[in-house]
Amino acid sequence: MNELQEKIIKLKKERNALILAHYYQTLPVQDIADAVGDSFALAKLAQKAKNDTLVLCGVRFMAESAKILNPEKTVYLPSGEAGCPMADMIKPEDVLALRKKYPEAAVVCYVNSSAAVKAVSDICCTSSSAEKVVRSLPNRQIIFVPDRNLGSFVSKCVPEKEVILFNGCCPIHDGISAKDAKAVRDATPEAKILVHPECRPEVLEFADFIGSTAGILDYARKTDAKELVIGTEQGVFDILSRELPEKGLRTIKNNFVCSDMKKTKLEDVLACLEGKKLPIVLPEDELSGARRSLERMVEIG
Ligand code: 13P
Ligand code: SF4
């Protein structure tokens, strides 16, 4: 621990703050967190947190979800600039237009979305809960927003549903091509390829395992395979490189980095604890509508 990290840890105790970090955060940020997890785990931890203050080291939708699920708490996003380009691809009007076109359908909204979009959806999901959420709904037609790649993956897992896709994506995961995946398969034929479902369907075809960041970490920790290809953001590779130095590890493509996730600096975390940053505030109508969708997701688990 360096001096700054020690200062943060001391202050978080004094302020009764809980620091939560996503697996894509830099290792120095993960190291000062009370818990590190995927979007689903972070949402659940935020919901049941007893602390006065929550500091969500991740991107805006994660901090917003924490505030929505536990509105009495003071919730901080250390870098106000840390957004998610996929979340910015859809507006509430897009969901309302789809509802009009498919009145029988239920709207499942990936948590990588704004509070306003969650508020006009029926239920949220994360990558680790998407299949379970879709299966749980009585409707045959499902409008899945905003990630077309996750939606297409889920539609293959639950073929009895008609899944209507919105044309959004994560530019980082969608940037991986089948050519990249084939190149890594040809170069490391013995390796297990572990891929996040935000990748394109033609990339998922090369995968030995498809899952959330937590799912990929879990698979990597348990497998006997000597070589692993990590098909998600660099943060997961960094965790595994430190933890499993004996494994042959590589990412599916060089520079697989979400620049928004890397915006959190230790100085920003300290500033939150010192009360020098503005906490998350959401309009009441968005808070209550989005809470319904998020709480349904957590209940289904
Ligand atoms: P996970 O829920 O799998 O952690 O994914 C979050 C995310 O933003 C992936 O790009
Ligand atoms: Fe958004 Fe993609 Fe970054 Fe995840 S990796 S936060 S989906 S831009």
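Order of appearance sets the numbers: ligands from 1, and atoms from 1 within every ligand.
In summary, the side chains of Arg200 and Asn149 do not present any donor paired with an acceptor at a separation below 3.5 Å, with no hydrogens or angles considered. Side-chain contact of Thr232 with Tyr23: a donor-acceptor pair under 3.5 Å is absent, judged by distance alone. Glu162 and Tyr102 share no donor-acceptor pair across their side chains, judged by distance under 3.5 Å alone. Using a 3.5 Å distance cut-off with no hydrogens or angles, the side chains of Thr188 and Glu227 do not pair a donor with an acceptor. A donor atom on one side chain and an acceptor atom on the other are found under 3.5 Å apart for Asp180 and Ser177. In the model, Gln141 has no side-chain atom that pairs as donor or acceptor with a side-chain atom of Glu104 under 3.5 Å.
The ligand atoms of ligand 1 that sit less than 4.0 angstrom from a heavy atom of Ser212 are 3 (O). Near Cys170, the atoms of ligand 2 lying under 4.0 angstrom from a non-hydrogen atom of the residue are 2 (Fe), 5 (S), 7 (S), 8 (S). The ligand atoms of ligand 2 that sit less than 4.0 angstrom from a heavy atom of Met86 are 7 (S). Of all atoms in ligand 2, numbered sequentially from 1 with element shown, those under 4.0 Å from a heavy atom of Glu198 are 2 (Fe), 7 (S).
For atom 5 (O) of ligand 1, the closest non-hydrogen atom of the protein is His196 NE2, 3.3 Å. Distance from atom 8 (S) of ligand 2 to its nearest protein heavy atom, with residue and atom name: Pro85 CD, 3.3 Å. Protein heavy atom closest to atom 2 (O) of ligand 1, with residue, atom name and distance, is Ser39 OG, 2.7 Å. Residue, atom and distance of the protein heavy atom nearest to atom 8 (O) of ligand 1 are Asn112 ND2, 3.2 Å. The nearest protein atom to atom 9 (C) of ligand 1, hydrogens excluded, is given as Glu198 OE2, 3.0 Å; this is a heavy-atom distance.
Classification of the His173-His196 ring pair by plane angle, with boundaries at 30° and 60°, yields tilted.
For the ligand labelled ligand 2, residue Asn112 lies inside the 4.0 Å heavy-atom shell. Using a 4.0 Å heavy-atom cutoff, Glu233 is absent from the residues neighbouring ligand 2. Within the structure, the closest approach of His22 to ligand 1 falls below 4.0 Å when heavy atoms are considered. At least one heavy atom of Ser127 lies less than 4.0 angstrom from ligand 1.
Proximity of His173 to ligand 1, defined as any heavy-atom pair under 4.0 Å, is confined to the side chain (atoms from C-beta onward). Under 4.0 angstrom from ligand 1, there are no non-hydrogen atoms of Tyr23.
Every N/O-N/O distance between Asp38 and ligand 1 stays at or above 3.5 Å.
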Next item on the list: Applying salt bridge (charged side-chain N to carboxylate O under 4.0 Å, His left out), run through Asp268 and Lys277 and close with a yes or a no.
Entry: CA-CA 8 Å; Asp268 299 318; Lys277 295 256 176 183; 3.2 Å; yes
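Across the listed options Cys258, Gly168, Cys84, Cys258 owns the non-hydrogen atom lying nearest to atom 3 (Fe) of ligand 2.
Remark: the backbone N or O of Val154 is not paired with any side-chain donor or acceptor of Lys161 at under 3.5 angstrom. Listed for the Asp260 side chain is no donor-acceptor partner under 3.5 Å among the backbone atoms of Ala82.
The number of heavy atoms from other shown groups lying within 6.0 Å of CD (Glu81) does not exceed 12.
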